[in-house]
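Below: the structure, in structure tokens.
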Amino acid sequence: MVTAAPLGFRALPLPLAQLSLAAVLKCGQSFRWSIHPLDAALTAHEYRLCLHDRVVCLRQTSDSIFYRAVFPESVLLGPSEEAAREAETLAWLRDYFQLDIDLLCLYKEWAEKDAVFARLRTRFEGLRMLRQDPWENLVSFICSSNNNISRITKMVKSLCSHYSPSLLSLPLPALSSENESYHPFPPPSLLADPSVPATLRALGFGYRADFIHKTARMLVDAHGAHGGPERWLQTLRAMPTADARAELLKLMGVGRKVADCVLLMSLDKTEVIPVDTHVHQIAIKHYGLRGISGKKPTMSPALYDEINEKLLAVWGTHAGWAQTVLFTADLKSFSLYGLPTPAPTPTPSPSKRRSRASDDAGDDLTVLVPPRPNKRARKMVAVSVANVEPVEVPEIGGVSLAERVKGRRRGVQTPIK
DNA sequence: CCTACACCGAAT
DNA sequence: TTCGGTGTAG
């Protein structure tokens, strides 16, 4: 069913299998999108994110993304400036969702290499890694320690509304006449103030309040207050994985797991696999990893590396992407929000039936795929804009992916010891 | 290098 | 108690 673009929206033809907003925006990568149901049956939603100068609004059908940007009340703009803004928004979309990466191509490669993935792939289509703002990503994941998605989301929104002025206010898309105000993510300088720890604690951040404040202070001290820290974080994208990780680990509240999340989700390190206890359990179950000998499931650096190298060998250069796709299916929150909660795949031997999605792969699957040099999936996704001349999207921001990821290989296998 | 333990708050 | 961790001290 091809739907006409809602009023004020532009259409961006894109198959659901290339990008599923419902999956990507709720899977624990980003915590700041607001999600509004468009009908009582919860079959469609509008997603909104406040950037520094505009609010991006998205909707999706089976074959298109619809997008628009809303700006604060300002001087009247001419047609050319309007067009420029349109182009910026589209460019942002392509960059943020990394639309020059062909997800189908990646799924195909993972399925060929990994029987577990091959079996589960149809359950979560369109799951891709975002290319997030590093500063926001960093702070969000400092908040993630010993925490869950629901509370992280509340904390991040609370952080924005308390430390960053409202950019604009917008009526909810449907089912209500209320307004919602939109706040950008606060810059490091605003979180480096001495009053911040007490304030954040009062907001329920707990011990993370000190982490955030100290990290902000470290970055401002080292790189200045006016976009310096943000620019410096961006430079980590051009750095080998191991070097970028070492920089992140200097920050307060940033351990291996948080550092790896930032490397994967905002610093272009596609091969990095953040390892938590959940990933560990699945790695044991399906990929032949050793468990912990003792009783305390405390993750040692050596074990972390072992898991990481093992899964990297299975999935290759985009191992971090593959891990996200695979383990997102296990998220409880996915039963919410009208995602097509994957019906359990019929198992040849239906002796066991469990509720958790990942258990469906069968228990005796110990997959041992020899590591193989992997050619990057870079076939571009055809993109065009309705009512505008079709636009091909060869690369992002003038910099090809090959350029961005160049020289990363060395860091991949480097153990931390 | 590796192991306890505290730390906040919500869920169980 | 446990959890989608990290800093600190041994």
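Reckoned from all heavy atoms, side chains included, excluding hydrogens, waters and symmetry mates. Proteins get letters first, then strands, A, B, ... in listed order; numbering begins at 1 in each.
- Following rounding to the nearest Å, A/Arg256 (CZ) and B/dC2 (P) show an atom-to-atom distance of 12 Å.
- The P atoms of C/dG7 and B/dA10 are separated by 23 Å, rounded to the nearest whole Å.
- Using a 4.0 Å heavy-atom criterion, one finds that A/Arg201 contacts the sugar-phosphate atoms exclusively.
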**Request:** Take A/Gln18 and A/Asp102 through the test side-chain hydrogen bond (donor to acceptor under 3.5 Å, both in side chains) and record every step on the way to the result.
**Result:** CA-CA 7 Å; A/Gln18 284 290 352; A/Asp102 187 341; 2.8 Å; yes

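- Atom-to-atom, CE of A/Met252 to P of B/dC7 comes out at 17 Å; the value is rounded to the nearest Å.
- Aromatic ring orientation, A/Tyr47 versus A/His45: tilted (interplanar angle from 30° to 60°).
- Residue-level contact check: A/Val279 touches neither bases nor backbone, having no heavy atom under 4.0 Å from any strand.
- Among the protein residues, A/Asn148 comes within range of no part of the nucleic acid, since none of its heavy atoms lies under 4.0 Å from any strand.
- B/dA11 and C/dT6 are spaced 22 Å apart, taking the P atom of each and rounding to whole Å.
- Contact annotation: A/Ser144 side-chain N/O to C/dG4 OP1/OP2 distance is not under 4.0 Å.
- Taking the six-membered ring where tryptophan is involved, the planes of A/Tyr207 and A/Phe211 are perpendicular, since the angle between them exceeds 60° and thus also 30°.
- You'll find that the side chain of A/Arg151 is closest to B/dC8, out of C/dT6, B/dC2, B/dC8.
- Residue A/Leu251 is in sugar-phosphate contact alone, with no base atom involved, counting any heavy-atom pair closer than 4.0 Å across all strands shown.
- In this structure, A/Met155 places its CE atom 13 Å from C1' of C/dG5, rounding to the nearest Å.
- Minimum atom distance to the side chain of A/Asn146 is reached by C/dC3, of the listed C/dC3, C/dT6, B/dT3.
- One can place NZ of A/Lys257 at 13 Å from P of C/dG7, the figure rounded to the nearest angstrom.
- Remark: P of B/dA10 and CZ of A/Phe205 are 13 Å apart, rounded to the nearest angstrom.
- Rounded to a whole angstrom, the distance from the C1' atom of B/dC5 to that of C/dT1 is 16 Å.
- A salt bridge does not link A/Arg94 to A/Asp100: none of the charged side-chain nitrogens sits closer than 4.0 Å to a carboxylate oxygen.
- Residue A/Tyr304 contributes atom OH, which lies 11 Å from atom C1' of C/dG4 at whole-angstrom precision.
- Spacing of P atoms, B/dA4 relative to C/dT2, comes out at 14 Å, to the nearest Å.
- Computed from coordinates, the A/Leu249 CG to C/dG5 C1' distance equals 13 Å when rounded to whole Å.
- Distances were taken from every side-chain heavy atom of A/Ser300 (C-beta onward) to each of B/dT3, C/dG4, C/dG7; the shortest belongs to B/dT3.
- Pair assignment for B/dA10: C/dT2, on the basis of Watson-Crick or G-U wobble contacts that are both within less than 3.5 Å.
- Here the P atom of nucleotide B/dC1 and the CE atom of A/Met299 are 18 Å apart, to the nearest Å.
- Taking the six-membered ring where the residue is Trp, A/Tyr287 and A/Trp315 present perpendicular rings, their angle passing 60° and hence far from 30°.
- Taking every side-chain heavy atom of A/Arg208 into account, B/dC8 is the closest of C/dG5, B/dC2, B/dC8.
- Between A/Phe117 and A/Phe124, the two ring planes are perpendicular [angle over 60°; tilted spans 30° to 60°].
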